[in-house]
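Here is the structure we will look at, set down as C-alpha cells.
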Amino acid sequence: MRAPIVFASLLLLVLTGISTGKADGIPELRLMSATEIKADRSGHFVTKASINGSDITVLVDTGATSVALSFEDAEDAGLRPAHLDYNVPVSTANGVTRAARVMIDTIEVGGVEVDDVDGMVLPEGALRGTLLGMSFLGRLESFRIEDGVLYLKD
C-alpha cells in the first residue's frame, strides 16, 4: 500500500512547481543520504572520500575550518597545486605556512555529497593526508558523534 503514497508525494512535488533552477523547470528529486564512520583505535574518523571523482583517504576534523588537502592529494583530485597561489597564512600542527584557496567541485563520503566546497591546498610536504573540515561538514543537514561513530546526513 506504500506505492500510492510515494506516487502521490511525487505528484505533489511536480504540481507545486518546486524548481531546481534548471532551464526545463522540471524539479530534480534528491533523496537524503546518510552514512556512518566508526572511529579507529586512536579515536579518529578516517575514511575514503571521493574528491572531484578521485578516492582519497581523509581524516574528518571538526576542528578544521576548511577542507585542507595535501599537495599530493590535490594533484590526485585534479586541482593542479603546482599552479596555485599560496598566499593564505594558516596554522598547522607543524607551524605557520601559506596555503592556496580552491573550490572543490564535489566531495562524497558514503553517498553523502556536497558540491562547491571551499578548500585549501597546502604546499608540498606541509601536510600528510587530507583533513575533511567544517567547509564540508557545515554544509550537511547534520552530523553527530555518538558512541564512537560519526553520523553524516545530507
Side-chain angles (χ1 to χ4, degrees), residues 10 13 17-154:
L10 292 175
L13 286 173
I18 295 174
S19 175
T20 61
K22 288 187 169 188
D24 60 13
I26 297 173
E28 179 181 321
L29 299 177
R30 182 156 155 59
L31 299 177
M32 187 176 296
S33 297
T35 193
E36 329 179 328
I37 304 166
K38 292 183 176 140
D40 65 13
R41 292 181 189 194
S42 61
H44 294 111
F45 298 101
V46 177
T47 191
K48 288 282 186 189
S50 175
I51 300 178
N52 289 348
S54 294
D55 285 339
I56 295 174
T57 300
V58 298
L59 170 67
V60 180
D61 186 352
T62 60
T65 305
S66 181
V67 173
L69 294 104
S70 69
F71 188 94
E72 296 77 13
D73 287 347
E75 276 185 324
D76 290 344
L79 295 172
R80 302 182 52 190
H83 302 286
L84 297 175
D85 187 11
Y86 293 84
N87 61 358
V88 179
V90 294
S91 294
T92 71
N94 297 327
V96 176
T97 189
R98 292 191 176 273
R101 289 187 195 278
V102 293
M103 181 60 67
I104 302 164
D105 292 334
T106 184
I107 298 176
E108 184 265 325
V109 177
V112 173
E113 185 175 317
V114 177
D115 295 329
D116 302 322
V117 180
D118 290 320
M120 305 290 261
V121 175
L122 278 78
E124 195 165 6
L127 180 66
R128 279 198 321 218
T130 288
L131 303 177
L132 197 59
M134 291 304 296
S135 62
F136 171 80
L137 296 169
R139 302 264 312 279
L140 299 176
E141 177 70 27
S142 68
F143 69 93
R144 65 182 164 73
I145 299 171
E146 189 175 303
D147 297 324
V149 179
L150 172 63
Y151 298 91
L152 306 176
K153 183 168 46 171
D154 70 355

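Position 1 is the first residue of the sequence; numbering continues from there. Note that the coordinates shown come from a computational prediction; the quantities given were computed from them, not determined experimentally.
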With rounding to the nearest 0.5 Å, note down the distance linking [atom1] in [X] to [atom2] in [Y].
X: I37; Y: Y151; atom1: CD1; atom2: OH; value: 11.5 Å
X: M120; Y: L79; atom1: CE; atom2: CG; value: 13.0 Å
X: L59; Y: F45; atom1: CG; atom2: CZ; value: 10.0 Å
X: D115; Y: E108; atom1: CG; atom2: CD; value: 11.0 Å
X: I51; Y: D105; atom1: CD1; atom2: CG; value: 11.5 Å
X: D116; Y: I107; atom1: CG; atom2: CD1; value: 10.5 Å

Inset, instruction - Using salt bridge (charged side-chain N to carboxylate O under 4.0 Å, His left out) as the criterion, list what pairs up with R41, not counting sequence neighbours. - result: none
Look at the side chain of [X] and the backbone N and O of [Y], then say whether any donor-acceptor pair between them is shorter than 3.5 Å.
X: D154; Y: S33; answer: yes
X: Y86; Y: P81; answer: yes
X: E75; Y: A77; answer: no

For [X] and [Y], which heavy atoms make the closest approach, and how far apart are they?
X: V112; Y: F136; answer: O-CZ, 4.3 Å
X: L150; Y: F143; answer: CD1-CD1, 4.4 Å
X: S70; Y: L127; answer: CB-O, 3.3 Å
X: T62; Y: M134; answer: O-CG, 3.5 Å

Legend entry - All pairs passing salt bridge (Lys or Arg N to Asp or Glu O under 4.0 Å) where residues 129-146 contributes a residue, at least two apart: R144-E146
Legend entry - Residues S54 and N52: side-chain donor-acceptor under 3.5 angstrom: no
Result block: side-chain N/O donor-acceptor pairs under 3.5 angstrom for residues 97-104, not counting sequence neighbours:
residue : atom : partner : partner atom : Å
R98     : NH1  : N87     : O            : 3.3

Legend entry - T57: side chain to side chain donor-acceptor pair (under 3.5 Å) partners, not counting sequence neighbours: K48
Inset, instruction - Quick one: list whatever passes side chain to side chain donor-acceptor pair (under 3.5 Å) with D147, sequence neighbours left out. - result: none
Inset, instruction - Among residues two or more places apart or on two chains, list those pairs meeting side-chain hydrogen bond (donor to acceptor under 3.5 Å, both in side chains) that have a residue in residues 117-132. - result: D73-T130
